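First comes the structure, then the notes that go with it.
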Amino acid sequence: LAEEARRAEIARQSDALKSALLASVSHDLRTPLASIRAYAGTLMDDEVRLDPDEARASAAAIDREAQRLNRLVTNLLDLGRIEGGALRPALEALDAEDVVASAVTHAEPRIEQRPLAVEVEPGTTVLADAVLLEEILVNLLENAVRHTPDGTAIRVAAGELEPGTIGITVEDAGPGVPDDALPHLFETFYRVPGRGTAAGRGTGVGLAVVRGFVAALGGTARARRGDLGGLAVDLQLPAAAPAALDTVPA
């Protein structure tokens with residue numbers, strides 16, 4: 001009887017997870033798809049005459065929405081890998097400055113004209129998987145953009161906290177979140193109650209992926225109110241000796 005009850009509870013939780021997944025992603029899938037169809041329809045309509053600048057703007061909008069869809073699908077796939085225990089990080093010594101710069105480049109279309117400060121202590125080397133760490137930072141940057149008004153300052157900082165530990169912080173000058181919500185931000189599908197529109201709240205997947213990736217790298221992630229006044233996410237990851245960079249194949 002106990003075993004049957006356990007299986008029934010597992011099935012119930014599985015159904016609840018599927019329902020939460022569908023509810024969370026349905027809007028985020030439909031919105032960019034609708035935009036892509038609208039812009040593509042305009043470009044294909046023989047009766048609509050667009051000048052070159054208008055055509056380029058429509059193409060850029062399609063690309064932007066396609067990137068948004070790609071990020072959502074990537075996060076969902078990553079969440080599946082995390083839940084299924086399929087992550088196998090390839091740890092190596094990485095120059096934190098290079099990884100941060102690459103993440104900023106990938107997130108740049110979303111950051112747009114926001115003031116962005118990058119402060120990385122020279123010689124900061126972290127023992128991590130380059131792909132996973134970049135995904136972590138891109139998710140944090142896009143989370144900061146999603147939940148703050150246009151023009152909000154964003155800051156990325158990295159440096160040694162203590163021997164053997166590297167700290168990386170991504171913070172913004174936005175409104176932040178209530179203190180009682182901070183412990184729940186990394187929970188799968190969690191969205192801060194009453195925070196903006198459905199589109200602005202997101203799916204509640206990005207920070208869950210961050211937590212899973214950071215744990216796979218042997219580190220920790222913590223949310224707090226930042227020095228800029230908004231949300232700050234602090235990562236603690238294992239350090240790598242600077243000399244180790246010389247032994248990593250190009």
Side-chain angles (χ1 to χ4, degrees), residues 63-64 66-79 81-82 87 89-148 152-161 165-174 185-186 202-203 205-224 226-228 230-240 245 248 250:
D63 181 66
R64 183 171 59 251
Q67 289 185 42
R68 178 178 172 185
L69 273 177
N70 182 66
R71 171 60 51 192
L72 174 60
V73 172
T74 297
N75 277 338
L76 291 173
L77 292 174
D78 288 339
L79 185 62
R81 293 167 61 201
I82 293 168
L87 283 181
L91 300 179
E92 58 180 325
L94 303 172
D95 186 321
E97 189 172 9
D98 290 343
V99 179
V100 170
S102 180
V104 168
T105 298
H106 278 80
E108 196 168 14
R110 294 291 306 276
I111 296 174
E112 297 178 344
Q113 302 301 318
R114 291 166 182 258
L116 175 65
V118 177
E119 304 168 6
V120 180
E121 294 179 4
T124 300
T125 55
V126 58
L127 185 65
D129 181 299
V131 175
L132 297 189
L133 183 53
E134 183 175 306
E135 283 293 307
I136 290 168
L137 296 175
V138 170
N139 265 314
L140 291 178
L141 287 168
E142 294 194 347
N143 184 74
V145 171
R146 176 185 287 272
H147 298 295
T148 59
T152 301
I154 299 174
R155 174 176 174 266
V156 183
E160 186 178 62
L161 294 178
T165 303
I166 298 299
I168 301 177
T169 296
V170 178
E171 63 176 325
D172 60 67
L185 290 181
F186 298 102
T203 59
V205 172
L207 290 183
V209 169
V210 167
R211 177 192 61 182
F213 280 2
V214 171
L217 297 177
T220 61
R222 182 177 69 95
R224 61 177 173 84
D227 297 335
L228 298 181
L231 177 68
V233 176
D234 297 322
L235 310 178
Q236 291 191 16
L237 295 166
L245 287 173
V248 177

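Predicted model, so just to flag it, every value in this text is computed and none were measured.
Nearest heavy-atom pair, P238 versus I166, reported as atom, atom and distance to 0.1 Å: O-CG1, 4.3 Å. Counting all heavy atoms, side chain and backbone alike, E121 lies closest to T124 at O-OG1, 2.6 Å. Taking every heavy atom of both residues into account, A223 and L231 meet most closely at CB-CD1, 4.1 Å. Shown here for A144 and I154, the closest heavy-atom pair between the two residues is CB-CD1, 4.1 Å. Minimum interatomic distance between L137 and A103 (heavy atoms only, all atoms of both residues): CB-CB, 3.6 Å. Heavy atoms only, all atoms of each residue included: L133 and A128 are closest at CD2-CB, 4.1 Å.
For the atom pair CD1 of I111 and NE2 of H106, the computed distance is 12.0 Å after rounding to the nearest 0.5 Å.
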For L237 and T165, run side chain to side chain contact (heavy atoms under 4.5 Å, CB included): C-alpha distance rounded to whole Å, both residues' side-chain angles, the deciding distance at 0.1 Å, then the answer.
CA-CA 6 Å; L237 295 166; T165 303; over 6 Å; no
Where do V209 and F186 land on the side chain to side chain contact (heavy atoms under 4.5 Å, CB included) test, with the steps shown first?
CA-CA 8 Å; V209 169; F186 298 102; over 6 Å; no
Between E142 and V138, does a side chain to side chain contact (heavy atoms under 4.5 Å, CB included) hold up when you go through it step by step?
CA-CA 6 Å; E142 294 194 347; V138 170; 4.0 Å; yes
Evaluation steps, side chain to side chain contact (heavy atoms under 4.5 Å, CB included), between D172 and L228:
CA-CA 6 Å; D172 60 67; L228 298 181; 5.7 Å; no
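For the 3.5 Å distance criterion, the side chains of T148 and R114 qualify, holding a donor opposite an acceptor. No hydrogens or angles considered: a donor-acceptor pair under 3.5 Å links the side chains of S102 and E134.
Listed by chain and number, the residues in a side chain to side chain contact (heavy atoms under 4.5 Å, CB included) with P89 are L91, D129, L132, A216, L217 (sequence neighbours excluded). Taking the side chain to side chain donor-acceptor pair (under 3.5 Å) definition, one finds that E171 meets it with R155, sequence neighbours left out. Checked against side chain to side chain donor-acceptor pair (under 3.5 Å), D63 has the following partners two or more places apart in sequence or in another chain: Q67. D234 meets the side chain to side chain donor-acceptor pair (under 3.5 Å) test with T169, R222, R224; sequence neighbours excluded. For E108, there are no side chain to side chain contact (heavy atoms under 4.5 Å, CB included) partners at least two apart in sequence or on another chain. Shown here are the side chain to side chain donor-acceptor pair (under 3.5 Å) partners of T105, two or more places apart in sequence or in another chain: there are none.
Counting only heavy atoms from C-beta outward, the side chains of V120 and V118 approach each other to under 4.5 Å.
Among the candidates L140, I136, N139, the single residue satisfying the side-chain contact (heavy atoms from CB on, under 4.5 Å) test with V170 is L140.
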